**Q** 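Below: one structure in structure tokens.
If you're wondering where the values come from, they're calculated on a predicted model, not measured in any experiment.
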Amino acid sequence: MSERPFDRAFDFLHVNNRPDKPREKGITEMRGPYYDPMGPRELRDILETMGWYVDIYKFSGGSFALMPEEAVTELIDICHEYDVKVSTGGFIENVLIRDNDKVEEYVEECANLGFDIVEISSGFLAIDTDDMVAMTELVADTEGVEPKPEINVQFGAGGASDPEELESEVQQAPEVAVEEGKRHLDAGADLLMVEAEGITEEVKEWRTDVVYTLANELGEENLVFEAPGPDMFEWYIKNFGPNVNLFVDNSQIVELECMRSGLWGKTTSWGRTTTYSRE
């Protein structure tokens, strides 16, 4: 385990206990290039100040496919300096639609470039669960990378769809996502991504019942919940504690960690977030 490699400023003041790296709980996944074209200087600034609290760095929207290869590998190398794993995001959906015969080549290239995680998503795809699980097995069998399947209850999740467009699509029962998640875990996945759309994002009322069903049936330690906004990650922390696994935008890393640590919060959570250890 990697202990905190620095003396924290104001170290005499209390913060909640956080697991050392590599963490099995309290995982923070951070969005990389998408809403802004994050380069090495911005990434290094983030990780020099907050890198110990970041576990996974995710390229979103297939952004790596637009960048010079040297820029992609530089970002990956910087992440590895700070013990941060690097994820592809859900780009495999694009490969399946446009280059269906190159899925294996795509996974191999991810490993060659230094990616640690290949996300396997299907928010926009009409595809069999058997086929999705087969890709989890493919990645699990590829040296150097690990699979991170996505489960969701909303067709069209994971993109830039308008709320009206998502509302026109029928949601699937959470039990379907549970069964798919179990199969992915049996096929070699350690973590599952839970898309926010249809649950806490782009909905009139949050489907917190879906969250509880997934957590109870699949184990919250096996799930990374997307929480694209402070109200969302505050809800997860209030209901699952500060060491719940979350995926947030890079602009929210400090706010999330302040809330996890108990240093700060909103009216409904300030002064209430805590941990306990018998050690």
**Q** Tell me whether Thr142 contacts the main-chain N or O of Glu108 through its side chain, where contact means a donor paired with an acceptor under 3.5 Å.
**A**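 The answer is no, because no donor-acceptor pair under 3.5 Å joins these two groups.
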
**Q** Could you go through residues 68-79 and list every donor-acceptor pair under 3.5 Å that involves a side-chain atom there, pairing it with any protein atom two or more places apart or in another chain?
**A**
| residue | atom | partner | partner atom | Å |
| --- | --- | --- | --- | --- |
| Thr73 | OG1 | Glu69 | O | 3.2 |
| Thr73 | OG1 | Glu70 | O | 3.1 |

**Q** Any chance the side chains of Asn222 and Glu220 put a donor and an acceptor closer than 3.5 Å?
**A**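 Their side chains do not contain a donor-acceptor pair, so the 3.5 Å distance test is not met.
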
**Q** I'd like to check Val153 versus Arg207 (side-chain heavy atoms, cut-off strictly below 4.5 Å). Are they in contact?
**A**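 Not in contact.
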
**Q** Are any of the side-chain heavy atoms of Asn152 and Val194 separated by less than 4.5 Å?
**A**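 Not in contact.
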
**Q** Could you check whether any side-chain heavy atom of Lys25 comes within less than 4.5 Å of a side-chain heavy atom of Pro19, counting everything from C-beta outward?
**A**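 Yes, their side chains come closer than 4.5 Å.
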
**Q** Would you say Glu195's side chain and Ser121's backbone share a donor-acceptor pair under 3.5 angstrom?
**A**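 Between the backbone of Ser121 and the side chain of Glu195 there is no qualifying donor-acceptor contact (under 3.5 Å).
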
**Q** Given side chains that start at C-beta, do those of Tyr53 and Met30 come closer than 4.5 Å, heavy atoms only?
**A**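 Not in contact.
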
**Q** I want to check something: taking the side chain as every heavy atom from C-beta on, are Leu96 and Val103 in contact at a cut-off of under 4.5 Å?
**A**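 Yes, close enough: below the 4.5 Å cut-off.
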
**Q** State the CE-CD1 distance between Met135 and Ile120, to the nearest 0.5 angstrom.
**A**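 These two atoms lie 6.0 Å from each other.
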
**Q** How would you list, by chain and number, every residue that makes a salt bridge (Lys or Arg N to Asp or Glu O under 4.0 Å) with Asp231, sequence neighbours excluded?
**A**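 Counting only residues at least two positions away or on another chain, Asp231 forms a salt bridge (Lys or Arg N to Asp or Glu O under 4.0 Å) with Lys266.
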
**Q** Taking atom CD as the centre, does Glu109 end up with more than 12 heavy-atom neighbours from other residues, nucleotides or ligands that are less than 6.0 angstrom away?
**A**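 Yes.
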
**Q** Can you tell me how far the CG atom of Leu191 sits from the CD1 atom of Ile117, to the nearest 0.5 Å?
**A**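 It is 7.0 Å, given to the nearest 0.5 Å.
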
**Q** Does Val178 belong to the same Ile/Leu/Val/Met/Phe/Trp/Tyr cluster as Ile127, with side-chain heavy atoms less than 4.5 Å apart forming each link?
**A**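 Yes, one cluster joins them.
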
**Q** Following the transitive rule for hydrophobic clusters with a side-chain heavy-atom cut-off under 4.5 Å over Ile, Leu, Val, Met, Phe, Trp and Tyr, establish whether Val133 and Val118 coincide in one cluster.
**A**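 No, it is not one cluster - the side chains of Val133 and Val118 are not joined through contacts under 4.5 Å.
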
**Q** Quick one: OG on Ser60 to CZ on Phe91, what's the gap to the nearest 0.5 Å?
**A**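 Output value for this atom pair is 12.5 Å.
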
**Q** For Leu214, which of Leu218, Asn216, Val211 qualifies under side chain to side chain contact (heavy atoms under 4.5 Å, CB included)?
**A**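 That would be Leu218.
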
**Q** In the hydrophobic clustering that connects Ile, Leu, Val, Met, Phe, Trp and Tyr at side-chain heavy-atom distances below 4.5 Å, which members other than Phe10 occupy its cluster, ordered by chain and number?
**A**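 ILVMFWY cluster around Phe10 also holds Phe12, Leu13.
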
**Q** Let me confirm one number: the CD1-CG distance from Ile199 to Asp209, rounded to the nearest 0.5 Å.
**A**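 One gets 9.0 Å once the value is rounded to the nearest 0.5 Å.
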
**Q** Relative to the ring of Trp52, is the ring of Phe6 parallel (under 30°), tilted (30 to 60°) or perpendicular (over 60°)?
**A**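 Phe6 vs Trp52 ring planes: perpendicular.
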
**Q** Could I get the full list of side chain to side chain donor-acceptor pair (under 3.5 Å) partners for Thr268, not counting sequence neighbours?
**A**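 By the side chain to side chain donor-acceptor pair (under 3.5 Å) rule, Thr268 matches Glu234, Lys238.
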
**Q** Are Thr275 and Asn243 packed together at the side-chain level, in the sense that at least one heavy-atom pair is separated by less than 4.5 angstrom?
**A**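 Yes, at least one pair of side-chain atoms sits under 4.5 Å.
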
**Q** In the structure I gave you, are the side-chain heavy atoms of Glu226 and Glu29 within less than 4.5 Å of one another anywhere?
**A**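 The answer is no, as the side chains (C-beta and beyond) never meet within the 4.5 Å cut-off.
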
**Q** Could you check whether Arg98 pairs with Glu93 (Lys NZ or Arg NE/NH1/NH2 to Asp/Glu carboxylate O, under 4.0 Å)?
**A**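 No salt bridge links Arg98 with Glu93.
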
**Q** What's the spacing between Gln172 CD and Ile151 CD1 if we round to 0.5 Å?
**A**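 The CD atom of Gln172 sits 9.0 Å away from the CD1 atom of Ile151.
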
**Q** Just jot down the ring-ring contact (aromatic ring centres under 6.0 Å, His included) partners of Phe115, sequence neighbours excluded, or say none.
**A**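 In terms of ring-ring contact (aromatic ring centres under 6.0 Å, His included), with neighbours along the sequence ignored, Phe115 is linked to Phe59, Phe64.
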
**Q** Taking only residues two or more places apart in sequence or in another chain, which ones pass salt bridge (Lys or Arg N to Asp or Glu O under 4.0 Å) with Lys85?
**A**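 Counting only residues at least two positions away or on another chain, Lys85 forms a salt bridge (Lys or Arg N to Asp or Glu O under 4.0 Å) with Glu146.
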
**Q** Only pairs under 3.5 Å count here: list side-chain donor-acceptor contacts from residues 245-263, not counting sequence neighbours, and write none if there are none.
**A**
| residue | atom | partner | partner atom | Å |
| --- | --- | --- | --- | --- |
| Asn245 | OD1 | Gly26 | N | 3.0 |
| Asn245 | OD1 | Ile27 | N | 2.9 |
| Asn245 | ND2 | Glu221 | O | 3.4 |
| Asn245 | ND2 | Leu223 | O | 3.1 |
| Asp249 | OD1 | Arg31 | NH1 | 3.2 |
| Asp249 | OD2 | Ser251 | N | 3.2 |
| Asp249 | OD2 | Ser251 | OG | 2.7 |
| Asn250 | ND2 | Arg31 | O | 3.1 |
| Gln252 | OE1 | Asp249 | N | 3.1 |
| Glu257 | OE1 | Arg18 | NH2 | 3.3 |
| Glu257 | OE2 | Arg18 | NE | 2.8 |
| Arg260 | NE | Thr28 | OG1 | 3.4 |
| Arg260 | NH1 | Pro242 | O | 2.5 |
| Arg260 | NH1 | Val244 | O | 2.7 |
| Arg260 | NH2 | Ile27 | O | 3.1 |
| Arg260 | NH2 | Thr28 | OG1 | 3.1 |
| Arg260 | NH2 | Val244 | O | 3.1 |
| Ser261 | OG | Glu257 | O | 3.1 |
| Ser261 | OG | Cys258 | O | 3.0 |
| Ser261 | OG | Leu263 | N | 3.2 |

**Q** For Tyr212, enumerate each residue passing the side chain to side chain donor-acceptor pair (under 3.5 Å) test, keeping only those at least two apart in sequence or located in another chain.
**A**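 Testing Tyr212 for side chain to side chain donor-acceptor pair (under 3.5 Å), a comparison that skips the adjacent residues, returns Asn239.
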
**Q** With the side chain counted from C-beta on, respond yes when Pro5 and Tyr82 share a heavy-atom pair under 4.5 Å apart, and no when they do not.
**A**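 No - every pair of side-chain heavy atoms lies 4.5 Å or more apart.
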
**Q** Hey, could you give me the CG/CZ distance between Asp55 and Arg23, rounded to the nearest 0.5 Å?
**A**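 Between atom CG of Asp55 and atom CZ of Arg23 there are 4.5 Å.
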
**Q** Linking directly or through intermediates, with side-chain heavy atoms under 4.5 Å: list the remaining ILVMFWY members grouped with Trp264, chain and number order.
**A**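 Joined to Trp264, directly or through intermediates: Trp270.
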
**Q** Restricting to pairs with a member in residues 35-48, which pass salt bridge (Lys or Arg N to Asp or Glu O under 4.0 Å), not counting sequence neighbours?
**A**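 Sorted pair list: Arg44-Glu81.
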
**Q** Just grab all the salt bridge (Lys or Arg N to Asp or Glu O under 4.0 Å) pairs involving residues 116-131, residues at least two apart or on different chains.
**A**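 As it turns out, the salt bridge (Lys or Arg N to Asp or Glu O under 4.0 Å) pairs with a partner in residues 116-131, which skip direct neighbours, are Lys58-Glu119, Asp130-Arg183.
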
**Q** Return the set of residues passing salt bridge (Lys or Arg N to Asp or Glu O under 4.0 Å) with Arg8 (not counting sequence neighbours), or none when no residue passes.
**A**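 Arg8: salt bridge (Lys or Arg N to Asp or Glu O under 4.0 Å) contacts with Asp11.
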
**Q** Indicate the atoms forming the closest heavy-atom contact of Ala140 with Ala187, along with that distance.
**A**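 Result for this residue pair: CB-O, 3.9 Å.
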
